[in-house]
Every structure is written in C-alpha cells, then in structure tokens.
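Notes follow the structure.
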Amino acid sequence: MGMTLKAARVNAGYNQAEAAKILNISVYTLSNYERGISFPDVPILKRIEQAYGVGYDQLIFLSQKYG
C-alpha cells in the first residue's frame, strides 16, 4: 500500500523543517511537493527515498485536482 509524501515524512520522524534541511531544499518547496503543487525531480526523489526509508514505488503523489 502506498503512502503520501507527508505520511512518509511523518513516519520517518521528521517535521517539514528537518526534512527540508536533510533534502537540501526549502520548506516552501517541500510543502509544495506534499500538497501536489509541484513534484520532485529524480535527484530529489533519490534523497527522499534515502531519508525517509521508502522506495519511489511506495509514494503516492496527488495532484491538486485530486488531493
């Protein structure tokens, strides 16, 4: 079963500020990813996989019109 990017972050034990620092992106950018306003590119996805301990195939990215 998949999980949203926010759920993966929370399950990894990070708040947005901590996760953004680990991923080397702004909190604003991370928030946009979590809300489906924008989507991470491949290098960021790889950092997310490592930081959160989940594979890309486990993540669900919702677009604004569905989320």
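Quantities reported herein were computed from a predicted structural model and do not represent experimental measurements.
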*Return the minimal non-hydrogen interatomic distance between L30 and A19, and the atom names on each side.*
CD2-CB, 3.7 Å

*asked:* I need the minimum non-hydrogen distance between A8 and Y52, along with the two atoms involved.
replied: CB-CD1, 3.7 Å

_Distance check, rounded to the nearest 0.5 Å: I60 atom CD1 versus M3 atom CE?_
8.5 Å

*Say you draw a straight line from CG of D41 to CZ of R47; how long is it, rounded to the nearest 0.5 Å?*
7.5 Å

*asked:* Tell me whether Y28 shares a hydrophobic cluster with I25, the cluster being built from Ile, Leu, Val, Met, Phe, Trp, Tyr side chains joined at under 4.5 Å.
replied: no

*Quick one: side chain to side chain donor-acceptor pair (under 3.5 Å) pairs with a partner in residues 6-20, sequence neighbours left out?*
R9-E34, Q16-E34

*asked:* Within this structure, what is the OG1-CG distance for the pair T29 and L23, rounded to the nearest 0.5 Å?
replied: 10.5 Å

_If I take atom CZ from residue F39 and atom CG from residue L5, how far apart are they, to the nearest 0.5 angstrom?_
10.5 Å

*Looking only at non-hydrogen atoms, find the nearest pair between A12 and A51 and report the distance.*
CB-O, 4.2 Å

*Tell me, please, which residues at least two apart from S38 pass side chain to side chain donor-acceptor pair (under 3.5 Å).*
none

*asked:* Pair E49, L45 - check side chain to side chain contact (heavy atoms under 4.5 Å, CB included), show working.
replied: CA-CA 6 Å; E49 288 177 323; L45 282 172; 5.5 Å; no

*asked:* I need the I22 CD1 to I48 CD1 distance, nearest 0.5 Å.
replied: 11.5 Å

